[in-house]
Amino acid sequence: MSAVITASRLGKRYKSSVALDDVSFQIEPGRIVGLIGPNGAGKTTALKAILGLTDFTGELNVLGYDPRKQRDKLMGDVCFIADVAVLPRWIKVSQAVDFVANVHPRFNRKKCEAFLARTKLQPNQRVRQMSKGMIVQLHLALVMAIDARLLILDEPTLGLDILYRKQFYQNLLEDYFDENKTIIVTTHQVEEVEHILTDLMFIRDGRIVLDADMDAVGERFIEVMVNADQADAARALKPIDERQVFGKSIFLFDGASRATLEPLGETRRPSVSDLFVATMKGTYA
Amino acid sequence: MNNQTLKDLYWLVKREFWEHRGGFFWAPVITGGIFLLLNIMGIITAEVLGARNGINFGASGGLQHVIADMDAGDLSQVGFALDIAMYSAMGLLVVVLGFVVFFYCLGALYDDRRDRSILFWKSLPVSDTSTVLSKVISATVLAPVIAVVVGIIVGMLQLLILAVTLSFHGVNVWQLLLLAHPFRVMFNLIGYIPLYALWAAPAVGWLLICSAWSRSKPFLWAVALPVGVGLLVTWFGIMGLFNLPTAWFWKNIVQRALLSVFPGTGSMFGDSMIHISGNTGTDVLDLAQTWHLAASPSLWIGVVAGVALLAGAIWFRRWRDDA
C-alpha cells in the first residue's frame with residue numbers, strides 16, 4: 001500500500017522565524033504516529049500544512065491530494081480534532097449531527113447517535129452549556145462516525161480531566177482504529193499516548209530529529225541504571241543523558257550495543273517522555 | 001454545480017440561520033411587534049383624546065358619507081393611503097434589516113476565526129467558495145426575504161387594525177379594504193428583493209472581504225478605510241484631477257461600500273432614478289418605478305465591484321492563516 005503522507009522538503013517560514021525547515025518524511029497506512037515536540041517546534045504548522053490550512057514550500061502529498069489545491073476534497077478522507085475549543089459555541093448537538101450528516105458523504109448517522117447515546121449529551125444542548133470533556137465527546141462522536149482514512153489530533157485532550165483523557169484514547173482504539181486508518185497525534189501528555197503509538201516523530205526547531213517506529217526506538221535507545229561505582233565507566237560510553245535516582249545514576253544511550261551495557265547495570269527501554277527530555281535538552285536555553 | 005454542492009449550500013445557509021436566528025428572524029419579528037404595539041397605543045390615545053374632547057368622527061355615519069361622496073379619483077387616493085400604511089411597517093423593518101445585514105457581513109468570516117471554530121468548519125469537505133457564497137445568500141436573499149415576509153404580515157395586521165378602528169366610526173371596512181392593494185404591495189416588496197441584492201453587492205463584498213481579511217476589529221477597518229480615504233480625497237481635492245466633485249467619491253465609493261446594505265438607498269441615490277411624478281396617486285414602490293434602477297450604470301458597476309471583492313474574500317478565506 002502506498003504512503004498516506006509523503007512530504008519532501010516541506011518548508012514554512014514566517015517573517016522572523018522558521019517553522020518548518022525543509023523536512024521530509026513518509027507516513028504509512030495503519031500507523032499511529034506521535035508527533036512530539038516542544039512548544040513552537042513546528043508541530044501545528046506541519047499539521048496545518050497537511051490539512052491544507054496553510055501555504056508552504058516543497059512537496060506534500062496527502063492521500064493523493066495536494067492539500068493546497070484540493071483541501072475540500074481532501075477533507076472527505078481526513079478528519080481533524082484540534083484542541084477542545086473549536087466547536088462553535090452556539091451549535092446544538094442535533095444541529096451539529098444534522099449538518100455533518102448532510103455535508104459529509106462518509107458520515108454514518110447511526111454510528112454517531114450510538115456514540116452519543118453512551119454520553120450524557122442531549123440533542124438540544126448547546127456547546128456553550130457543555131464542559132470541555134463533553135465538547136470533546138461530541139467532537140469525537142462526530143469524527144468517529146466518519147469513515148476517514150486519516151485522523152489528525154492536535155492536542156485533543158488539552159485541559160481535560162484524566163477520566164475523559166483515558167476514555168478518549170480508549171474509544172479511539174476500540175471503536176475507531178483499524179489497519180486501514182492512520183492517526184497522527186500531537187500531545188504534551190506523552191505518557192498517555194506512548195502505549196498506543198506505533199511510530200514516533202520528534203520535531204525540534206522545525207526539523208525532525210527522530211523518526212522511527214517504536215520497535216526501532218526500543219532497540220536504538222537503552223536506559224541503564226548504574227551504581228555509583230560504575231558511573232564513570234558508563235560516562236565513558238558517551239550517554240546522551242544522565243540523571244540521578246535514589247543514589248543511582250540512570251544513563252540513556254543512543255545506539256550502544258546491549259552487550260556492552262548489560263554489565264553496568266539493569267537495562268530497559270526508556271519511556272518516551274525520558275527520551276523526549278533527553279533529546280530536547282537545551283531547547284529553551 | 002453538482003447535487004452535493006447544492007446540498008452543501010442549502011445546509012450552509014441553514015447553518016447561518018441557526019447561528020443568526022436572532023438577527024435574521026427575531027429582530028424583524030420584534031420590530032414588527034413594536035411597530036404594531038405603538039400603532040395600537042397611538043390609536044387608543046387618539047380615541048381617548050377624541051372622546052374626552054367630545055369629537056366623535058362618524059358616529060352619525062358622517063365619515064361613511066364622506067367616502068360615499070368621493071369620486072373615483074379620491075377613492076384611489078384613499079387606496080394609496082392605505083397602501084402607504086402597509087409600506088410604513090416595512091419602513092422600520094428595512095432600517096433594522098440594513099443594520100442586521102451590515103453587522104452580519106462584518107462578522108461572517110471573522111467571528112469563527114476569532115473563536116477558532118473555523119478549524120471545525122474547515123475540517124469538513126466544504127469548499128471555501130461555497131462557504132462564502134452561503135454567507136452572501138444569507139445576507140442578500142435569506143435576511144431580506146424573512147424581513148419582507150414579516151413586513152407583509154405586519155402590514156396586513158396594520159391594515160386590519162386601521163380598518164377595525166374605522167369600522168367603529170361607521171365606515172364599511174370591506175369597502176375600504178377593497179380600495180387598498182395588499183397583493184400589489186406584496187408583489188412590489190418581493191420584487192424589490194433582487195434589486196436590493198444587486199444594489200447591496202458592493203457593500204456585501206466590501207464588508208465580507210474586511211471580515212475575511214482583518215486580524216482584529218473588522219468594523220474599524222471596514223469603516224475607517226473608506227472614510228479615511230474619503231477625508232484625504234476631500235482634503236487634497238483629488239477628485240478635481242478627474243474633473244469630478246469631491247461628493248462623487250463619497251457618493252459612489254464610500255456610500256456604496258458601506259450603506260448599500262440599507263434597502264432603499266439604491267432608489268434614493270441611484271443615478272438615473274427619481275422622477276417621482278407629481279401624481280401622488282402613483283404607487284411609490286411600483287416595480288416599474290423601482291426597477292428603473294436596473295438601468296443605472298452605478299448598479300452594475302457596483303455588482304462587478306462586489307463580485308471582485310467577493311473573489312478576494314474567498315481568497316482570504318482560503319489562505320488567511322491565524323487560527
Side-chain angles (χ1 to χ4, degrees), chain A residues 12 14 19 44-45 47-49 51-56 65 67-92 94-96 98-107 126-128 135 138-139 142-143 146 148 150-155, chain B residues 1-26 104 107-135 137-138 212 215 314-323:
Chain A
K12 171 87 185 174
Y14 292 108
T44 300
T45 307
L47 295 187
K48 274 184 166 174
L51 291 162
L53 294 174
T54 188
D55 206 0
F56 52 82
Y65 297 108
R68 276 174 295 196
K69 297 192 187 103
Q70 298 161 300
R71 182 194 65 80
D72 44 325
K73 288 201 189 68
L74 178 63
M75 285 303 135
D77 288 321
V78 179
C79 280
F80 172 46
I81 301 185
D83 61 51
V84 293
V86 307
L87 286 185
R89 292 173 53 73
W90 54 266
I91 209 165
K92 289 179 187 170
S94 58
Q95 292 173 336
D98 271 349
F99 186 78
V100 179
N102 281 286
V103 301
H104 207 302
R106 301 169 78 98
F107 183 81
R126 286 181 198 276
V127 168
R128 76 164 72 88
I135 298 175
L138 171 59
H139 206 162
L142 292 171
V143 160
I146 294 171
L150 173 63
L151 173 62
I152 291 183
L153 306 169
D154 187 8
E155 295 283 359
Chain B
M1 284 259 187
N2 56 30
N3 279 337
Q4 185 61 43
T5 316
L6 286 176
K7 195 174 162 202
D8 285 357
L9 265 180
Y10 170 78
W11 281 92
L12 283 166
V13 172
K14 199 162 178 170
R15 192 209 82 95
E16 295 302 314
F17 181 69
W18 286 337
E19 184 177 358
H20 298 279
R21 192 186 292 261
F24 288 167
F25 180 73
W26 289 113
Y104 166 74
L109 299 170
Y110 172 75
D111 290 346
D112 59 359
R113 290 190 295 133
R114 191 187 47 188
D115 70 11
R116 301 183 68 236
S117 61
I118 186 173
L119 290 175
F120 174 67
W121 302 118
K122 283 221 178 188
S123 75
L124 296 167
V126 173
S127 71
D128 298 291
T129 310
S130 299
T131 304
V132 174
L133 280 183
S134 75
K135 316 243 170 194
I137 294 171
S138 303
R215 289 194 198 278
I314 292 169
W315 190 88
F316 280 121
R317 179 67 176 183
R318 176 72 188 89
W319 293 117
R320 204 55 155 160
D321 156 36
D322 47 12

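Here is how names work: the chains are called A, B, and so on, in the same order as the sequence lines, proteins then strands, and each is numbered from 1. Any value given below was found using the heavy atoms of this structure, including those in side chains, with hydrogens, waters and symmetry copies removed.
Annotation for P105(A) and P125(B): closest pair CD-CG, 4.1 Å, computed over non-hydrogen atoms. For the pair L124(B) and R71(A), the tightest heavy-atom approach, listed with the atom from each and the gap, is O-NH1, 3.8 Å. When all heavy atoms of D98(A) and W11(B) are compared, the pair lying nearest together is CB-CZ3, 3.9 Å. Here the closest non-hydrogen pair linking L12(B) and F99(A) is CD2-CZ, 3.6 Å. L87(A) and S117(B) make their closest contact through C-CB, 4.2 Å (heavy atoms, listed as atom of the first residue, atom of the second, distance).
With a threshold of 4.5 angstrom between heavy atoms, L142(A) approaches chain B through side-chain atoms but not through N, CA, C or O. Only the side chain of K7(B) comes within contact range of chain A, with heavy atoms under 4.5 Å apart. Only the side chain of Q4(B) comes within less than 4.5 Å of a heavy atom of chain A; its backbone N, CA, C and O stay farther away. For D111(B), no part lies under 4.5 angstrom from a heavy atom of chain A. Heavy atoms of D77(A) lying under 4.5 Å from chain B are absent altogether. Within the 4.5 angstrom heavy-atom criterion, no atom of V143(A) approaches chain B. Of the atoms belonging to I146(A), not a single heavy atom falls under 4.5 Å from chain B. Contact annotation for L51(A): neither backbone nor side-chain heavy atoms come within less than 4.5 Å of a heavy atom of chain B. Heavy-atom distances place both the backbone and the side chain of R68(A) under 4.5 Å from chain B.
The OG1 atom of T129(B) sits 7.5 Å away from atom CG of D72(A), with the distance rounded to the nearest 0.5 Å. A distance of 11.0 Å separates CZ of R126(A) from CH2 of W18(B), quoted to the nearest 0.5 Å. Note: R15(B) CZ to W90(A) CH2 = 4.5 Å, rounded to the nearest 0.5 Å. Going from atom NE2 of H139(A) over to atom CZ of F120(B) covers 5.5 Å, rounded to the nearest 0.5 Å. Note that OG of S127(B) and CE of M75(A) are 13.0 Å apart. Values are rounded to the nearest 0.5 Å. In this structure, the separation between CZ on R320(B) and OG1 on T54(A) is 11.5 Å, given to the nearest 0.5 Å.
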**Message:** Could you walk me through whether L53(A) and L119(B) satisfy the side-chain contact (heavy atoms from CB on, under 4.5 Å) test, starting with their C-alpha distance in whole Å, then the side-chain angles of each, then the deciding distance to 0.1 Å, before giving a yes or no?
**Reply:** CA-CA 9 Å; L53(A) 294 174; L119(B) 290 175; 3.7 Å; yes
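Within a 6.0 Å radius of CH2 in W26(B), no more than 12 heavy atoms belonging to other residues, nucleotides or ligands are found. Surrounding NZ of K92(A) are more than 12 heavy atoms belonging to other residues, nucleotides or ligands, all under 6.0 Å away.
Among V103(A), V127(A), L74(A), the residue making the largest number of heavy-atom pairs under 4.5 Å with chain B is V103(A).
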